[in-house]
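All ligand and atom numbering here is 1-based and tracks the order in the structure.
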Amino acid sequence: MCFYVDSLDEAQQQKTEYVYNGSYIADVRKTLPEMLQVSAKVQEAVNLEIGRRIETHYPGAKKLRYQSPHPWLPNAAFVNCYDGGSESVGYHSDQLTYLGPRAVIGSLSLGVAREFRVRKIVPKNENDKRDDVNADAEGQISIHLPHNSLLVMHAEMQEEWKHSIAPAQAIDPHPLAKNKRINITYRWYKESLHPRFTPRCKCNIPAVLRCVQRKKENHGRYMWMCHANYTPGQPGCSFFQWAEFDDDGEPPWAKEISRNATEIIDET
Ligand SMILES: O=C(O)CCC(=O)C(=O)O
Ligand SMILES: [Fe+2]
């Protein structure tokens with residue numbers, strides 16, 4: 001996996017300030033000119049789709065609570081390469097720590113066509129131990145991702161669904177990419193969730209943002225936790241704090257940040 005950001009300054013910040021699984025990413029690259037060109041097209045397409053989704057799918061044709069009211073502005077991209085059908089990625093939701101709640105992600109597929117699978121997370125009661133009860137509700141949906149296709153993960157995706165790239169028994173080689181599939185996920189890192197602003201755990205590491213997905217109790221609430229929480233054998237602390245956001249998905253300290261930014265502009 002490679003990580004790209006739009007400026008050298010952001011690359012430097014990523015290497016020294018943003019934490020992933022308790023450590024820094026050493027290899028952060030500046031978005032290539034070709035990727036920037038694509039990013040502009042992805043931005044336009046994703047914003048159109050967000051508008052369509054709000055109108056046709058969301059209650060009252062209003063954006064979801066915690067979803068940003070602003071146009072989606074990608075400023076970072078993760079690039080994955082799947083070399084052959086056996087390379088895959090298991091079911092997961094993407095980290096919301098730096099994207100915030102109700103994040104939208106634009107995912108571009110290049111090269112070999114692969115299968116993207118999604119399944120809805122069914123919240124359970126504490127005493128509901130039988131996995132088979134929910135088997136049907138969690139039935140997976142397969143989405144074919146051909147070369148040059150853009151998949152939009154909309155605002156409800158990371159909180160309510162999990163996604164994966166299934167291993168493939170057989171693949172059709174691509175004339176240029178041969179057995180490889182390249183995936184670029186364009187993301188919007190929010191300034192207000194830069195790790196200099198977010199809570200730190202007792203290990204003094206920026207906390208990770210999670211959403212209660214499985215438990216019916218507190219379902220949909222957000223929390224700040226130590227990155228190593230619930231990871232047996234890993235060093236870490238028990239840091240836990242409910243995360244608060246306004247209806248537009250901004251944390252309580254965001255107003256202070258924009259006030260300071262205005263003061264800086266006034267002084268110059
Ligand atoms: O390869 C894909 O289409 C999905 C990759 C993915 O889920 C991720 O990078 O988080
Ligand atoms: Fe993902």
**OP:** Measure from the ring center of His194 to the ring center of Tyr18 and say whether it is less than 6.0 Å.
**Re:** yes
Subject >> Opening angle between NE2 in His92 and NE2 in His163, taken at the Fe ion (ligand 2), to 10 degrees >> reply: 90°
**OP:** Answer yes or no: is there an ion pair linking Glu49 with Arg52, defined by an N-O contact shorter than 4.0 Å?
**Re:** yes
Subject >> Identity of the N, O or S atom of Asp94 lying closest to the Fe ion (ligand 2) >> reply: OD1
Original post:
So, are Glu156 and Arg53 salt-bridged, with charged N and O less than 4.0 Å apart?
Top reply: yes
Original post:
Under 3.5 Å, side chain of His144 to main-chain N/O of Glu115, donor-acceptor pair present?
Top reply: no
**OP:** Sort out for me which residue in Arg102, Lys63, Gln67, Arg65 forms a side-chain hydrogen bond (donor to acceptor under 3.5 Å, both in side chains) with Asp248.
**Re:** Lys63
Original post:
Any idea which atoms of ligand 1 are less than 4.0 Å away from a heavy-atom of His163?
Top reply: 7 (O)
**OP:** Pick, from Tyr82, Tyr91, Phe78, the option with the minimum heavy-atom distance to atom 5 (C) of ligand 1.
**Re:** Tyr82
**OP:** Would you mind listing which atoms of ligand 1 come within a distance below 4.0 Å of any non-hydrogen atom of Asn80?
**Re:** 5 (C), 8 (C), 9 (O)
Original post:
What protein heavy atom sits nearest atom 3 (O) of ligand 1, and how far off is it?
Top reply: Arg181 NH2, 2.8 Å
**OP:** Pull out every atom of ligand 1 sitting under 4.0 Å from any heavy atom of Asn183, numbered as shown with elements.
**Re:** 1 (O), 2 (C), 3 (O), 4 (C), 5 (C)
Subject >> Distance, nearest 0.5 Å, that separates CE of Met225 from CZ of Phe239 >> reply: 10.0 Å
